[in-house]
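Notes for the one structure printed next.
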Protein chains: 2
Amino acid sequence: MNIGQASARSGVSAKMVRHYEAIGLLAAARSNNGYRVYGDRDIAVLRFIRHARDLGFPLEDVRRLLALWRDRGRASAEVKQLALAHVAALETKADSLRSMAASLRHLADHCHGDDRPDCPILEDLARKELGR
Amino acid sequence: MNIGQASARSGVSAKMVRHYEAIGLLAAARSNNGYRVYGDRDIAVLRFIRHARDLGFPLEDVRRLLALWRDRGRASAEVKQLALAHVAALETKADSLRSMAASLRHLADHCHGDDRPDCPILEDLARKELGR
DNA sequence: CTTGACCTTCCCATTGTGGTAATGCCCACC
DNA sequence: GGTGGGCATTACCACAATGGGAAGGTCAAG
């Protein structure tokens, strides 16, 4: 199987397949012509990576998860710990975005949004700061 | 005022002050020695940028907001529209992160997290896909 | 005159993905 | 035997926003 088909079957772009290989997540065999050759095992790996990415794991975490996955004797505790740390990071990030959205929505709620130039949003952005 | 003090008073790193200038958000005068020179007006602009960044506005939005801010006769409707679009983007992103976190937490909840290798998290990442 | 703090520009790294260009292989068709 | 189209290869460049650092100029105090 060449990279095009591997990409189609895994849902990972060919570009990214090469990239993942470049950073050592994947090792593909080469045929005589220099083309990368993939088997079902590789498709499984690529899908694994995609699923992990869909859950927002950064590639460095994916690397560790792959290592654990391949390690038949791993302790699930390690995986769980990694996952929970990531959950925490996701929630922190989500909270931060939510809080930005709330502040901004509050400002927008007090903005007439008509032809007049008067605007609490801009006023807030331009607010003076004490100290500094 | 040189860049160091402008940075201290605005809360924007000197590095970023130069960057904002490079992408045209800011124009600083130069003194004989080639040093950038800032006045109170520039500090206000830098603070404005920082506040907008704190609310998660990308720099392209900041550019527009700055233009509106400087435009004495702007319509607040434009600002409000920009703000609300950004609120929507923030919320979409936050929802996406929350949903990732929820999925992953669900998986983690069913993982023993002990010495045994059995792990639903890895099993899910490695799940087969129909079709494709 | 030296030292140290500050300034300058320029380059590199990050994270993950996409684009694009130049080039090469392979197969099918005439 | 050629030729064209589709797929492959590598090697760059780009994004957004920020930080890091090197190599050098400037200035004020000692």
Side-chain angles (χ1 to χ4, degrees), chain A residues 1-39 42 45-66 86 89-90 92-93 96-97 100, chain B residues 1-39 42 45-66 86 89-90 92-93 96-97 100:
Chain A
M1 186 170 14
N2 285 340
I3 202 172
Q5 215 194 333
S7 163
R9 283 187 47 197
S10 64
V12 176
S13 78
K15 197 86 184 189
M16 282 301 103
V17 173
R18 294 194 189 96
H19 181 60
Y20 294 156
E21 179 182 341
I23 65 172
L25 295 188
L26 194 58
R30 299 292 181 120
S31 66
N32 305 334
N33 52 23
Y35 288 13
R36 288 168 180 84
V37 178
Y38 300 90
D42 300 306
V45 170
L46 287 170
R47 283 179 180 161
F48 183 99
I49 296 173
R50 182 164 62 80
H51 295 323
R53 292 287 301 129
D54 286 348
L55 288 174
F57 282 104
L59 288 176
E60 274 317 299
D61 284 11
V62 176
R63 186 191 304 279
R64 288 189 210 112
L65 289 169
L66 270 174
H86 183 52
L90 288 169
T92 300
K93 183 74 180 168
S96 151
L97 295 181
M100 289 181 206
Chain B
M1 185 173 13
N2 286 340
I3 201 172
Q5 215 196 333
S7 164
R9 284 188 45 197
S10 66
V12 175
S13 76
K15 201 83 183 187
M16 282 302 102
V17 173
R18 294 192 191 98
H19 181 59
Y20 294 156
E21 179 182 340
I23 64 173
L25 294 189
L26 194 58
R30 299 292 181 121
S31 67
N32 304 336
N33 52 23
Y35 287 14
R36 289 170 180 82
V37 178
Y38 300 90
D42 301 306
V45 170
L46 286 170
R47 282 179 180 161
F48 183 100
I49 296 173
R50 180 165 64 81
H51 296 322
R53 293 287 304 128
D54 286 348
L55 287 174
F57 283 104
L59 289 177
E60 274 317 299
D61 284 12
V62 176
R63 185 191 304 279
R64 289 189 210 110
L65 288 169
L66 269 175
H86 182 53
L90 288 169
T92 299
K93 183 73 180 170
S96 153
L97 295 181
M100 290 182 205

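Chain A is the first sequence line, chain B the second, and so forth, proteins listed ahead of strands; every chain is numbered from 1.
Across all strands shown, A:Phe57 has no heavy atoms under 4.0 Å from either base or sugar-phosphate atoms.
A stem is defined here as three or more consecutive Watson-Crick or G-U pairs, each with both distances under 3.5 Å; for DNA chain D these stems are C:1-30 with D:1-30.
Distance, A:His19 NE2 to D:dT10 P: 14 Å, rounded to whole Å. Rounding to whole angstrom units, CD1 of residue A:Ile3 and C1' of D:dT10 are separated by 12 Å. Rounded to an integer number of Å, the gap from CD of B:Glu60 to C1' of D:dA16 is 10 Å. For the pair A:Arg36 CZ and D:dT9 C1', the computed distance is 7 Å after rounding to whole Å.
Between A:Arg63 and A:Ile23 there is a side-chain heavy-atom pair separated by less than 4.5 Å. The shortest side-chain heavy-atom distance between B:Arg36 and B:Arg18 falls under the 4.5 Å cut-off. Residues A:Val45 and A:Tyr20 are not in side-chain contact: their nearest non-hydrogen atoms beyond the backbone lie 4.5 Å or more apart. Two residues are said to be in side-chain contact when any heavy atoms from C-beta on lie closer than 4.5 Å; A:Ile49 and A:Val12 fail this criterion.
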Heavy-atom protein contacts under 4.0 Å, nucleotides 19-30 of chain D, coded B base, S sugar-phosphate only, - none: BBB---BBS---

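The closest donor-acceptor contact from the side chain of B:His86 to the backbone of B:Asp61 lies at 3.5 Å or more, if one exists at all. When atom types are taken as modelled, the side chain of A:Arg9 and the backbone of A:Arg47 share no donor-acceptor pair closer than 3.5 angstrom. Panel note: side chain A:Arg53, backbone A:Val62; no donor-acceptor pair is recorded below 3.5 Å. A donor-acceptor pair under 3.5 Å is formed between the side chain of A:Asn33 and the backbone N or O of A:Tyr35.
Note: A:Leu26 CG to A:Phe48 CZ = 12.5 Å, rounded to the nearest 0.5 Å. Rounded to the nearest 0.5 Å, atoms OG (B:Ser7) and CG (B:Asn2) are 12.0 Å apart. Distance CE/A:Met100 to CZ/B:Phe57: 11.0 Å, rounded to 0.5 Å.
For DNA chain C, the contact window with chain A, defined by any atom under 4.0 Å from a protein heavy atom, covers C:dG16 to C:dC26 in 5' to 3' order.
Put simply, B:Arg18 has no side-chain N or O that comes within less than 4.0 Å of OP1 or OP2 on D:dT18.
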